[in-house]
Amino acid sequence: MRKKMVAGNWKMNKTVADAVELAAGVAGQVQAGTGVDVVICPPFTALKPVADVLAGSAVALGAQNMHWAEQGAYTGEIAPAMLREVGCAYVILGHSERRALFGATNETVNRKAKAAFGAGLTPIVCVGETLEQREAGRTEAVVRDHVVNSLAELGAQLANVIIAYEPVWAIGTGKTATPEQAQDVHAFVRGLVAGMADEKTAAAVRILYGGSVKPDNAKDLFSRPDIDGGLIGGASLKADSFVAIVNAAR
Ligand code: PGA
């Protein structure tokens with residue numbers, strides 16, 4: 001049985017003061033032993049203060065991006081060990097906003113995924129098609145390209161990757177994929193993983209859905225056989241809505 005996961009992607013929101021308040025609100029309402037892995041991913045500046053708030057709680061910490069190198073002349077970048085040092089267990093890689101606006105490619109995402117495991121971080125790797133690609137009937141081709149190339153050469157670690165299927169047309173738009181649409185792509189992704197490794201790996205890998213997940217649609221999405229939880233943007237910015245989504249995954 002795969003354990004469900006609900007991860008909050010705060011994007012470029014929350015000052016340190018606001019982040020600490022939100023993290024405390026989430027941690028105060030999420031009990032241990034609920035059978036759901038809960039992760040929050042604040043901006044870099046708030047990671048350490050939020051880690052202090054989460055210490056001893058049932059909520060884990062993740063970052064939203066990182067560089068693949070251990071250190072060096074990469075102005076403005078953050079290294080994997082720096083994230084570990086401040087208490088991160090996860091890192092989001094290849095989010096569609098990074099792919100569309102900041103030049104992330106399958107190749108750089110793949111380098112980062114390998115570096116994440118090397119540093120003891122679990123990568124949450126995002127894949128998904130745009131509206132134009134979906135309407136052109138290219139959803140499977142795009143998702144295959146993202147999965148096969150972003151997750152290449154991970155060896156046994158492939159089973160431990162968290163894949164987030166996020167159709168770009170559903171992110172921040174209020175247009176959620178229907179549970180059937182999402183399930184179809186999730187099953188396709190799991191099949192790709194089986195082809196890259198084996199059935200056992202495919203059965204183990206967790207695939208989250210992301211894109212306008214809200215308290216009122218989460219349960220229906222999370223009840224589908226290949227949907228193992230969610231990556232939540234807008235609805236993760238308030239403790240009550242995020243915790244309601246966590247509860248929908250139980
Ligand atoms: P959303 O964002 O929930 O606001 O649609 C999801 C994401 O981009 O991870």
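Both counts, for ligands and for their atoms, begin at 1 and track the order of listing. Because only heavy atoms are used, hydrogens play no part in the values below, and waters and symmetry mates are left out as well, while side chains stay in.
Protein heavy atom closest to atom 9 (O) of ligand 1, with residue, atom name and distance, is Glu166 OE2, 2.7 Å. Looking from atom 3 (O) of ligand 1 to the surrounding protein, the closest heavy atom is Gly233 N, 2.9 Å.
Not a single heavy atom of Gly210 lies less than 4.0 angstrom from ligand 1. Contact between Ala235 and ligand 1 is absent, with no heavy atom of the residue lying under 4.0 Å from the ligand. Under the 4.0 angstrom criterion for non-hydrogen atoms, Ala170 is in contact with ligand 1. Not a single heavy atom of Lys214 sits closer than 4.0 Å to an atom of ligand 1.
Under a 4.0 Å criterion applied to the non-hydrogen atoms of His95, ligand 1 contributes the atoms 7 (C), 8 (O), 9 (O). For ligand 1, the atoms sitting less than 4.0 Å from at least one non-hydrogen atom of Gly211 are 5 (O), numbered in the order shown with element in parentheses. Shown in contact with Asn9 at under 4.0 Å from a heavy atom are these atoms of ligand 1, numbered in order with element: 9 (O). Taking every heavy atom of Lys11 and a limit of under 4.0 angstrom, the matching atoms of ligand 1 come to 2 (O), 7 (C), 8 (O). Each of the following atoms of ligand 1 lies closer than 4.0 Å to a heavy atom of Gly172: 1 (P), 4 (O), 5 (O).
In Lys214, the NZ atom is crowded: over 12 heavy atoms of neighbouring residues, nucleotides or ligands sit closer than 6.0 Å. Residue Glu180 qualifies as enclosed at atom CD: its count of foreign heavy atoms under 6.0 Å is above 12.
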Hey, mind stepping through Val6 and Phe242 against side chain to side chain contact (heavy atoms under 4.5 Å, CB included) and telling me if it holds?
-> CA-CA 9 Å; Val6 174; Phe242 184 65; 3.6 Å; yes
Worked verdict on Asp240 versus Gln29 for side chain to side chain contact (heavy atoms under 4.5 Å, CB included) | CA-CA 9 Å; Asp240 287 352; Gln29 293 181 69; 3.4 Å; yes
Report the C-alpha separation of Leu158 and Leu151 in whole Å, then their side-chain angles, then the decisive distance to 0.1 Å, and conclude whether the side chain to side chain contact (heavy atoms under 4.5 Å, CB included) test is met.
-> CA-CA 7 Å; Leu158 184 58; Leu151 304 179; 3.9 Å; yes
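A salt bridge does not link Glu129 with Arg138: every distance from a Lys NZ or Arg NE/NH1/NH2 to an Asp or Glu carboxylate oxygen is 4.0 Å or more.
Residue Gly234 has at least one nitrogen or oxygen atom sitting less than 3.5 Å from a nitrogen or oxygen atom of ligand 1, judged on distance alone. The shortest N/O to N/O separation between Ser212 and ligand 1 falls below 3.5 Å.
Inspection of the Glu107 and Asn110 side chains reveals no N or O donor paired with an N or O acceptor under 3.5 Å. With hydrogens and angles left out, the side-chain atoms of Thr130 and Gln133 include a donor and acceptor closer than 3.5 Å.
By the criterion of a heavy-atom distance under 4.0 Å, both the backbone and the side chain of Ile171 are placed next to ligand 1.
Paired with Asp228 under the rule side chain to side chain donor-acceptor pair (under 3.5 Å), one option of Arg206, Arg2, Lys3 passes, and it is Arg2.
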